[in-house]
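Take a look at the structure below.
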Amino acid sequence: MDISDVSKASGLPASTLRFYEEKGLIQSIGRNGLKRTFKANIIERVALISLARSVDFSLDEIGEMFTQDTTEINKELLLAQADKLDNKIKELTAMRNGLRHAAECSAPNHFECPKFLRLLKLAGKNRFRQSSKIKKAN
């Protein structure tokens with residue numbers, strides 16, 4: 001398959017496929033004129049990458065998780081990511097519940113509602129954690 005066929009089949013732009021190749025996530029098998037060519041099973045590989053991206057794996061983590069032969073996937077990384085998602089689900093559920101409460105709260109002012117104040121405190125902690133992660137990454 002040439003890169004335009006892979007792009008059409010996967011829904012990803014050719015630039016993304018070239019970037020994935022540059023990162024070592026996929027491999028072309030040659031060229032047909034100026035176009036890269038890939039084995040037909042590249043679609044499965046790209047689908048795995050898309051699935052991993054949709055559950056917040058970084059491209060570097062995806063590179064660690066998948067071997068060149070897609071039959072082997074690092075199960076420890078999958079379990080660690082599942083744990084992260086479980087924690088995120090708990091946080092989001094607590095925030096959703098707090099928002100629903102705030103919308104229905106009978107307190108004269110949201111800032112007089114203890115439950116709403118806990119939601120604000122949680123949101124503040126999450127914001128601090130996110131900014132700390134960004135600072136560490138830089």
Side-chain angles (χ1 to χ4, degrees):
M1 298 179 77
D2 73 32
I3 196 165
S4 61
D5 294 330
V6 176
S7 178
K8 286 176 192 168
S10 67
L12 295 173
S15 59
T16 299
L17 297 170
R18 287 189 292 272
F19 182 69
Y20 286 174
E21 185 176 23
E22 184 181 306
K23 294 285 284 179
L25 300 175
I26 62 174
Q27 256 183 326
S28 61
I29 56 171
R31 293 193 179 263
N32 183 8
L34 295 176
K35 292 185 177 184
R36 290 171 170 86
T37 57
F38 298 89
K39 292 180 180 178
N41 69 350
I42 192 68
I43 300 303
E44 293 169 355
R45 177 81 171 189
V46 171
L48 280 171
I49 294 168
S50 294
L51 177 63
R53 294 290 293 148
S54 72
V55 294
D56 292 334
F57 276 103
S58 71
L59 292 178
D60 290 336
E61 289 171 326
I62 294 168
E64 290 175 32
M65 187 171 50
F66 301 135
T67 63
Q68 287 301 326
D69 172 12
T70 59
T71 60
E72 292 295 321
I73 297 176
N74 184 325
K75 292 178 183 178
E76 290 174 9
L77 283 174
L78 290 178
L79 291 172
Q81 193 68 11
D83 290 343
K84 286 181 191 175
L85 288 173
D86 283 340
N87 289 333
K88 186 70 170 176
I89 289 167
K90 286 177 188 172
E91 288 177 11
L92 290 172
T93 300
M95 284 191 247
R96 181 209 56 208
N97 293 343
L99 291 172
R100 288 188 194 282
H101 173 79
E104 298 167 356
C105 184
S106 61
N109 179 322
H110 286 110
F111 293 100
E112 295 177 26
C113 173
K115 196 167 189 174
F116 184 74
L117 292 175
R118 282 194 305 272
L119 174 66
L120 290 179
K121 189 175 181 179
L122 177 63
K125 286 180 183 178
N126 287 338
R127 179 138 176 97
F128 176 75
R129 265 190 257 150
Q130 288 173 351
S131 64
S132 294
K133 287 179 184 178
I134 292 169
K135 287 177 185 175
K136 287 179 184 178
N138 292 331

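Counting from 1, the numbers follow the sequence of the chain as shown. Keep in mind that this is a model prediction, so the values were computed, not measured.
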For Ile42 and Arg45: C-alpha separation, side-chain torsions, deciding distance, then whether side chain to side chain contact (heavy atoms under 4.5 Å, CB included) applies.
CA-CA 5 Å; Ile42 192 68; Arg45 177 81 171 189; 4.3 Å; yes

Does some side-chain heavy atom of [Y] sit less than 4.5 Å from a side-chain heavy atom of [X]?
| X | Y | value |
| --- | --- | --- |
| Leu117 | Glu112 | no |
| Leu79 | Glu76 | no |
| Leu17 | Arg36 | no |
| Ile49 | Phe57 | no |
| Ser50 | Arg53 | no |
| Leu92 | Lys88 | yes |

Mind listing the closest non-hydrogen atom pair of [X] and [Y] along with its distance?
| X | Y | answer |
| --- | --- | --- |
| Ser10 | Val46 | CB-CG1, 3.8 Å |
| Ala14 | Ile3 | O-CD1, 3.8 Å |
| Met1 | Ala9 | CE-CB, 4.4 Å |
| Cys113 | Ala107 | CB-CB, 4.1 Å |

Give a yes or no on whether Leu78 and Leu51 share a hydrophobic cluster (residues Ile, Leu, Val, Met, Phe, Trp, Tyr; joining criterion: side-chain heavy atoms under 4.5 Å apart).
no

How many angstroms lie between atom OG of Ser58 and atom CD of Gln81, to the nearest 0.5 angstrom?
8.5 Å

As an exercise, state the distance from OG of Ser7 to CZ of Arg18, rounded to the nearest 0.5 Å.
9.0 Å

Using the rule side-chain contact (heavy atoms from CB on, under 4.5 Å), only one of Asp5, Val6, Asp2 pairs with Phe38; which is it?
Val6

In chain order, what residues pass the side-chain hydrogen bond (donor to acceptor under 3.5 Å, both in side chains) check against Asp83, with sequence neighbours excluded?
none

N-O pairing of Lys23 and Asp60 below 4.0 Å:
yes

CG/Leu34: more than 12 non-hydrogen atoms of other groups inside 6.0 Å:
no

Do side-chain atoms of Glu61 reach the backbone of Leu77 as a donor and acceptor pair under 3.5 angstrom?
no

Does Gly30 offer a backbone N or O that forms a donor-acceptor pair with the side chain of Thr37 under 3.5 Å?
yes

